[in-house]
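Before any comments, here is the structure.
No hydrogens, no waters, no symmetry mates; every other heavy atom, side chains included, goes into these values. These numbers come from a predicted model, not from an experiment. Indexing begins at 1, ligand by ligand and atom by atom, following the structure's order. One-based numbering along the sequence shown.
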Amino acid sequence: MLKVAKFGGSSMADAAHYRQIRDIIVSDPARRIIVVSAAGKRNSQDYKITDLLYLCHAHLKYGVPCDSIFETIRSRYLGIRDELGIDLPLEDDFDALFADMKTGISEDRLVSRGEYFSAKLLAKFLGFDFIDSELWVRFKFDGSIDQEASYTALARAAQGRSAVIPGFYGIMPDSRIKLMDRGGSDITGALAAAALDADVYENWTDVSGILMADPRIVKNAKTISRITYSELRELSYSGAQVLHEATIFPVREKNIPLNIRNTNDPSNPGTMIRDSFEDEAPTEGPLITGIAGRKGFNIVTVTKNGMSSEVGSLRRILEIFERYSISIAYAPSGVDCYSVVIENKQFEPCRYACLAELQKELEPDHIHVSENIAVVAVVGRKMVFRTGSSGRIFAALGESGVNIRMISQGPEELNIIIGMKERDYETAVRTLYERFIH
Ligand code: ASP
């Protein structure tokens with residue numbers, strides 16, 4: 001049994017968290033491969049080490065001294081070390097880094113040191129080996145990750161060892177360090193889990209999992225205990241702030257379950273994400289797994305008598321949006337009218353040019369733009385088994401006075417997408433939560 005456990009920035013913020021992490025790791029011998037972030041914020045006034053490192057580099061770029069920022073970074077790590085009594089002389093490493101900064105260092109290399117020092121310290125604290133991500137996370141020249149080469153390299157490096165690995169960076173074919181996107185340690189953890197065929201990938205953070213609805217709208221929203229990868233994809237596509245797509249991909253591909261856990265509440269089972277839950281009765285439990293949504297959409301509707309029998313008109317409409325690099329979120333249609341739901345921030349800069357081309361190339365009877373549209377996605381793998389799900393959902397919204405402007409349901413019945421005016425958005429989310437989850 002092997003568990004890859006990734007600890008995020010807030011879990012690495014101070015010595016007290018290092019102790020919590022040690023307890024978590026000691027409590028389960030399967031937790032042998034640990035991936036870490038740089039130290040995060042200890043409180044809302046604090047700074048993330050990664051941000052400070054970016055700031056250092058910006059200073060270097062413009063020739064402004066950054067000694068005091070560097071000292072803040074250095075003392076954060078040395079402070080954790082001394083409080084925990086870890087016997088690791090990091091001073092030389094910091095001096096060497098500071099010297100490199102004077103003579104020129106790439107932004108990626110400098111910023112990657114946050115994760116590097118975190119991993120070095122935690123490895124020593126746990127008595128685990130340190131495996132540098134320079135040795136195994138391989139990028140291709142186009143910036144994408146070379147999964148096969150990375151997996152082979154880690155499988156070889158980690159064989160039979162208990163180790164701590166820094167997240168967030170890897171190496172280019174020309175041996176330069178390259179960073180991933182922000183939040184990239186999640187991706188490193190997923191890659192490590194996939195490389196080593198782990199039984200589970202645990203992602204330890206400061207919340208007890210994915211919430212069923214946006215907590216800014218629904219107070220005390222419950223945590224999702226089980227969700228499939230497809231449902232998660234639906235929720236994140238529709239606006240839920242969950243893991244980066246690139247995190248899901250490597251573990252999903254290998255059918256490895258992903259468990260989101262809370263470092264500050266380790267007995268909470270968190271959210272378990274897997275391909276399917278064979279053991280569950282489809283008619284038991286809540287109908288809805290989660291609700292997500294977003295404001296800031298427009299619905300553009302093109303109407304022309306007889307258009308549905310014309311071959312190629314939908315393609316021509318879509319091509320015009322493609323020309324302006326506008327991605328179509330949803331495309332509901334009616335008889336002789338096609339609509340596209342698009343994000344306002346993509347549409348606004350080219351609105352008139354795009355509408356003029358629709359007018360010219362399709363010669364429609366009418367083009368209508370509905371503005372200030374919000375989209376709510378109701379997601380649930382069990383909706384397929386329960387007759388009348390959509391009827392109940394729409395009835396509930398109707399009773400709350402939400403006027404529905406657009407409906408779309410995926411053929412796999414995993415989601416129901418509902419478009420409405422932005423002013424109805426919060427009411428819709430709250431109504432659905434209270435009726436179907438609470
Ligand atoms: N430290 C990096 C960031 O702040 C990566 C991570 O924590 O996942 O984005």
In this structure, does ligand 1 have an atom that sits under 4.0 Å from one of the heavy atoms of [X]?
| X | answer |
| --- | --- |
| G167 | no |
| M180 | no |
| G183 | yes |

Report task. Report the nearest protein non-hydrogen atom to atom 2 (C) of ligand 1: residue, atom name, distance rounded to 0.1 Å. Result -> E115 OE2, 3.4 Å
Query raised in the report: In the protein, what heavy atom is nearest to atom 7 (O) of ligand 1, and what distance, to one decimal place, separates them?
Result: S37 OG, 2.8 Å
Check ligand 1 against [X] and write out every atom of the ligand that is under 4.0 Å from a heavy-atom position of the residue.
| X | value |
| --- | --- |
| G184 | 5 (C), 8 (O) |
| S185 | 5 (C), 6 (C), 7 (O), 8 (O) |
| R182 | 3 (C), 4 (O), 9 (O) |

**Report entry** Flag, side chain of E231 to backbone of V379, donor-acceptor distance under 3.5 Å
**Finding:** no
Query - side chain to side chain donor-acceptor pair (under 3.5 Å) assessment of N203 paired with D186 - result: CA-CA 7 Å; N203 193 296; D186 284 341; 2.9 Å; yes
Requested in this report: Verify whether the ring centers belonging to Y169 and F139 lie closer than 6.0 Å.
Outcome: no
Requested in this report: Establish, yes or no, whether a centroid distance under 6.0 Å links the rings of F94 and F117.
Outcome: yes
**Report entry** Side-chain ion pair, D206 and R261, N-O less than 4.0 Å
**Finding:** no
Query - Short N or O distance, K6 and ligand 1, threshold 3.5 Å exclusive - result: no
Requested in this report: Please indicate whether any nitrogen or oxygen in F168 is less than 3.5 Å from any nitrogen or oxygen in ligand 1.
Outcome: no
Report task. Step by step, work out the ring-ring contact (aromatic ring centres under 6.0 Å, His included) result for Y229 and F249. Result -> CA-CA 9 Å; Y229 279 115; F249 194 64; over 10 Å; no
Query raised in the report: How far apart are the closest heavy atoms of P332 and M406, and which atoms are they?
Result: CG-CG, 3.5 Å
